[in-house]
Amino acid sequence: EWADFGQFLHEIIDRFEMIAQDKNIEFTRKITAHPTYVEIDRDKMTQIVDNIISNAMKYSPEGGNVIVTLLHQGHNVRISISDEGMGIPRENQAKIFDRFYRVDKARARSVGGTGLGLAIAKELVHAHGGEIWVQSEYGEGTTIYFTLPYSTFKGGEV
Ligand code: ATP
Ligand code: MG
């Protein structure tokens, strides 16, 4: 299905804003208004974005800011989700996309999860023709980036 990807992201953020109220997390949207159509499996794409945003919330302190960006970059769109949370030590960053991997078991246990979310997200991003990676500064925050091929009109060529 061809989806207006900006609208798709806005709807997901709207849903998270309602559940984020308890934790006092603020969302900032930097979503291009240019036409951005992406051919997606809606359930799977929702699973990708949900996992990344729930991680940003889980691993952030109260009052943190989460920034969701959508921009055009050549033939792809680049989506990024940034948080002001605990960050990931450099030596652990490559492993977060591995199945069952969780940084710091003791710390991770308190927030719950299986360590599968990002492994699934990676598989599903690849199935959509994109790439996914992380940039993080330990103690300062984390940004997850992913790309997807897009078109400027529904069902069209780029
Ligand atoms: P699940 O998603 O299966 O519920 P999970 O969130 O622990 O469990 P992943 O989403 O795969 O698993 O993430 C793997 C690990 O990467 C996490 O346990 C956490 O240690 C680290 N991580 C992921 N996102 C962040 C983030 N935004 N900030 C800090 N650490 C993160
Ligand atoms: Mg997760």
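All ligand and atom numbering here is 1-based and tracks the order in the structure. As the structure is a prediction and not an experimental result, all values here were calculated from the model. In what follows, residues are counted from 1 in the order of the sequence shown.
By the 4.5 Å heavy-atom criterion applied to side chains, Glu131 and Val125 are not counted as neighbours. Residues Phe5 and Ile40 have side chains in contact (heavy-atom distance under 4.5 Å, counting atoms from C-beta outward). With a 4.5 Å cut-off on side-chain heavy atoms, Tyr37 and Thr152 do not count as touching.
Residue Asn51 touches ligand 1 through its side chain alone, judged by heavy-atom distances below 4.0 Å. Counting heavy atoms closer than 4.0 Å to ligand 1, residue Asp83 contributes side-chain atoms (C-beta onward) but none from N, CA, C or O.
Residue-to-ligand polar distances place Gly117 within reach of ligand 1: an N/O pair is separated by less than 3.5 Å. Residue Gly115 places at least one N or O, backbone or side chain, under 3.5 Å from an N or O of ligand 1. Considering backbone and side-chain atoms alike, Ala119 places every N or O at 3.5 Å or more from each N or O of ligand 1. Residue Gly87 has no N or O atom closer than 3.5 Å to an N or O atom of ligand 1.
Among Phe97, Phe100, Tyr138, Tyr59, the residue whose heavy atom lies closest to atom 18 (O) of ligand 1 is Tyr59. In this comparison of Asp50, Asn55, Ile120, the heavy atom closest to atom 10 (O) of ligand 1 sits on Asn55. When the heavy-atom distances from atom 28 (N) of ligand 1 to Thr142, Ile144, Thr114 are ranked, the shortest goes to Thr142.
Under a 4.5 Å side-chain heavy-atom cut-off, the cluster of Ile, Leu, Val, Met, Phe, Trp and Tyr residues that includes Tyr145 is completed by Trp133.
Taking a cut-off of under 4.0 Å to the non-hydrogen atoms of Tyr101, the atoms of ligand 1 that pass are 14 (C), 15 (C). Near Leu118, meaning under 4.0 Å from any of its heavy atoms, are these atoms of ligand 1: 9 (P), 10 (O), 11 (O), 13 (O), 23 (C). Those atoms of ligand 1 with a heavy atom of Lys58 less than 4.0 angstrom away are 4 (O), 5 (P), 6 (O), 8 (O). Residue Ile88 has at least one heavy-atom neighbour below 4.0 Å for each of these atoms of ligand 1: 22 (N), 29 (C), 30 (N), 31 (C).
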In a table with atom names and distances, give each donor-acceptor pair under 3.5 Å that connects a side chain of residues 78-87 to protein atoms at least two apart or in another chain.
| from | atom 1 | to | atom 2 | distance (Å) |
| --- | --- | --- | --- | --- |
| Ser82 | OG | Thr143 | OG1 | 2.9 |
| Asp83 | OD1 | Gly85 | N | 2.8 |
| Asp83 | OD1 | Thr142 | N | 3.2 |
| Glu84 | OE1 | Asn65 | N | 3.1 |

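Here the side chain of Gln93 pairs no donor or acceptor atom with the backbone of Val134 at under 3.5 angstrom. No side-chain donor-acceptor contact under 3.5 Å links His126 to the backbone of Ile132.
Note on residues 76-101: no pairs pass ring-ring contact (aromatic ring centres under 6.0 Å, His included), not counting sequence neighbours.
Applying the side chain to side chain donor-acceptor pair (under 3.5 Å) test between Tyr150 and each of Glu39, His75, His72, His34 identifies His72 as the sole match.
Electrostatic pairing of Glu123 and Lys44 does not count as a salt bridge here, judged by no charged N lying under 4.0 Å from a carboxylate O. The pair Asp14-Arg29 counts as a salt bridge, with a side-chain nitrogen and a carboxylate oxygen less than 4.0 angstrom apart.
Within the sub-2.8 Å shell of the Mg ion (ligand 2), the protein contributes these N/O/S atoms: Asn51 ND2, Asn55 OD1.
Within a 6.0 Å radius of CD in Glu17, other residues, nucleotides and ligands contribute more than 12 heavy atoms.
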